[in-house]
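Structure first, then comments.
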Amino acid sequence: FDANCQYNVESPATAAADAFTLTGFGGAKGGPTYENDHGAGTDETGTSTIEWPSVVWDGGAATNSWNTAGNWSPDAVPTGTDNVKIPSVPSVNNVFPMLNTSTTVGSLLIEDGASVTTDTNARNLTINGTLTLETNAGAGRDAIVSWDSTGTLRADGLVINEGRMFHRSTGVFDFNSNVTMTSSTARLESSGSGTMDIEGSLTVAGTLVPQRLTVAGNLDVSSGTFTTGTSVVTMDGASGTVNVGAGSFYRLSIPSGSTYTAPSSATLTVSNRLVVGGTLNIAGPFTITGTLDPITGTVNYSGAAAQTIA
């Protein structure tokens, strides 16, 4: 299922007894996130008329080792074609996985109350499809990813982060589609020296705490909280919008070949350095307390009404 489809599978069935099962699926829009089920539900837990088989963490080996077959149901370490689920309450032992190997899965769902952590070695986790973290729906906390590895967490499909993702290392978050955070408690936070690279758009209604962030689509934190610290944010797509609401940038870069617009609905504030090698259109107020470095780029004050530069 490629990234251009609206729905991957549509079912007109009206009862779970009419369910059909898809195996060996893949692609950016494989899995239950993009199904259109008119029947008994829209999830993969057995209430839907569209079934996407999962490899489920059960903690059966009583360890936190991702790479131990006995910790999964069925008893096999998931592979690149598997739809992986980390449930709120593992069915055998109440332990959650630590990534202690490099591996690839088809998709990854982390339910509320569950977590995935890493050791501090160079572990790579590639997700061919969707990465989903659930918000707290009764388990007592949001889903969590805590990345201490020096390796790369890569998702080729949509990232739906309604939980909390912590980037604490020199490793990389490499997300090749859109990242959405619609819950007010959702959090994407980097406290390490590694990078977060997003090839799509990043939409945040929760909290974004970047260190080194690159976005190729739109950056919209107008409904959330942007905590800048001493972060470096680079907008390197062909074109898009950049809006962090009431937040401010420490350092913002628009490289050559990129055109971005700061909308009139918010003040663009930069406290350290604004580097423009491409084109930046500023439609609203503009405040800079550091250095404006246009290099070979262009800054256009494009508002329909009078604009303020402070």
Side-chain angles (χ1 to χ4, degrees), residues 30-34 41-48 52 54-59 64-66 71-73 78 82-100 103-119 123 125-149 152-169 171 173-175 177-192 196 198 202-210 224-225:
T33 300
Y34 297 100
T42 56
D43 60 58
E44 74 290 353
T45 60
T47 60
S48 176
W52 306 83
S54 297
V55 175
V56 180
W57 174 269
D58 64 8
N64 64 359
S65 171
W66 180 290
N71 279 324
W72 298 95
S73 178
D82 289 320
N83 183 31
V84 176
K85 183 196 300 185
I86 314 299
S88 301
V89 181
S91 60
V92 181
N93 290 295
N94 194 24
V95 293
F96 294 108
M98 172 183 284
L99 189 71
N100 56 355
T103 191
T104 300
V105 299
S107 65
L108 178 59
L109 167 64
I110 307 171
E111 293 186 340
D112 62 314
S115 63
V116 172
T117 60
T118 72
D119 60 23
R123 312 299 188 188
L125 175 59
T126 299
I127 303 164
N128 291 328
T130 303
L131 169 61
T132 304
L133 285 77
E134 292 185 344
T135 191
N136 178 26
R141 69 176 189 187
D142 297 333
I144 292 173
V145 168
S146 183
W147 193 263
D148 292 294
S149 169
T152 298
L153 172 60
R154 171 175 171 165
D156 288 336
L158 187 67
V159 176
I160 305 169
N161 177 25
E162 307 302 352
R164 297 169 182 250
M165 301 185 70
F166 298 99
H167 178 277
R168 295 190 171 109
S169 69
F173 279 4
D174 182 13
F175 299 148
S177 187
N178 295 333
V179 178
T180 60
M181 300 165 57
T182 62
S183 169
S184 62
T185 62
R187 192 173 187 91
L188 178 58
E189 178 177 344
S190 179
S191 57
M196 294 193 293
I198 299 173
L202 173 58
T203 305
V204 179
T207 300
L208 174 64
V209 187
T225 300

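- Contacts of S190 classified as side chain to side chain donor-acceptor pair (under 3.5 Å), with partners at least two apart in sequence or in another chain: H167.
- Here the CH2 atom belonging to W72 is positioned 12.0 Å from the NZ atom belonging to K85, to the nearest 0.5 angstrom.
- M196 is listed as a side-chain neighbour of L188, based on a closest heavy-atom distance under 4.5 Å.
- The line from CG of L158 to OG of S107 is 12.0 Å long, rounded to the nearest 0.5 Å.
- Using a 4.5 Å heavy-atom cutoff, the side chains of P97 and N64 are not in contact.
- Taken from CE in M181 to OG1 in T203, the straight-line distance is 10.0 Å, to the nearest 0.5 Å.
- The main-chain N or O of D58 is never found under 3.5 Å from a side-chain atom of S73 such that the two would form a donor-acceptor pair.
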Yes or no on side-chain contact (heavy atoms from CB on, under 4.5 Å) for R141 and S115, after CA distance, side-chain angles and deciding distance? CA-CA 10 Å; R141 69 176 189 187; S115 63; 3.6 Å; yes
Step by step, would you call D174 with T152 a side chain to side chain donor-acceptor pair (under 3.5 Å)? CA-CA 7 Å; D174 182 13; T152 298; over 6 Å; no
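- Closest of all the heavy-atom pairs between V159 and M165 is CG1-SD, 4.5 Å.
- Here CG of L108 is found 9.0 Å from CG of N83. Values are rounded to the nearest 0.5 Å.
- Here T103 pairs with W66, L99, T101, L125 under the side chain to side chain contact (heavy atoms under 4.5 Å, CB included) rule; sequence neighbours left out.
- Residues passing the side chain to side chain donor-acceptor pair (under 3.5 Å) test with N161, sequence neighbours excluded: none.
- Shown here are the side chain to side chain donor-acceptor pair (under 3.5 Å) partners of S65, two or more places apart in sequence or in another chain: T68, N100.
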Go through D142 and R164 one step at a time and tell me if the side-chain contact (heavy atoms from CB on, under 4.5 Å) criterion holds. CA-CA 7 Å; D142 297 333; R164 297 169 182 250; 3.2 Å; yes
Between L153 and R123, is the side-chain contact (heavy atoms from CB on, under 4.5 Å) condition met? List the steps. CA-CA 8 Å; L153 172 60; R123 312 299 188 188; over 6 Å; no
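- F96 places none of its side-chain heavy atoms less than 4.5 Å from the side chain of I110.
- Atom CD of E134 and atom OG of S183 lie 11.5 Å apart (nearest 0.5 Å).
- With contacts defined as side-chain heavy-atom distances shorter than 4.5 Å, the pair T130/I160 qualifies.
- Residues R187 and T225 have side chains not in contact (no heavy-atom distance under 4.5 Å, counting atoms from C-beta outward).
- Contact annotation: the side chain of L133 approaches that of V145 to within less than 4.5 Å [non-hydrogen atoms, C-beta and beyond].
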Show the numbers, then the answer: is there a side chain to side chain donor-acceptor pair (under 3.5 Å) between E189 and T207? CA-CA 8 Å; E189 178 177 344; T207 300; over 6 Å; no
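- Annotation: the span from T185 atom OG1 to N136 atom CG amounts to 7.5 Å, rounded to 0.5 Å.
- The two residues S177 and G157 make their nearest non-hydrogen contact at CB-O, 3.4 Å.
- Shown here are the side chain to side chain contact (heavy atoms under 4.5 Å, CB included) partners of T104, two or more places apart in sequence or in another chain: T126, N128.
- Every residue was checked against the side chain to side chain donor-acceptor pair (under 3.5 Å) condition with N178, not counting sequence neighbours, and none meets it.
- For M98 against D119, the heavy-atom pair with the smallest separation is CG-N, 3.7 Å.
- Residues meeting the side chain to side chain contact (heavy atoms under 4.5 Å, CB included) test with V95, sequence neighbours left out: W57, N93.
- Partners of S169 according to the side chain to side chain contact (heavy atoms under 4.5 Å, CB included) rule, which considers only residues two or more places apart in sequence or in another chain, are W147.
- Considering only residues two or more places apart in sequence or on other chains, R168 meets the salt bridge (Lys or Arg N to Asp or Glu O under 4.0 Å) condition with none of them.
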Take D82 and V105 through the side-chain contact (heavy atoms from CB on, under 4.5 Å) test and state the conclusion after the steps. CA-CA 6 Å; D82 289 320; V105 299; 5.5 Å; no
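- Across all their heavy atoms, I127 and G106 have their closest contact at CG2-O, 4.0 Å.
- In terms of heavy-atom proximity, P78 sits nearest to V55 at CB-CG1, 4.1 Å.
- Listed for the T135 side chain is no donor-acceptor partner under 3.5 Å among the backbone atoms of G163.
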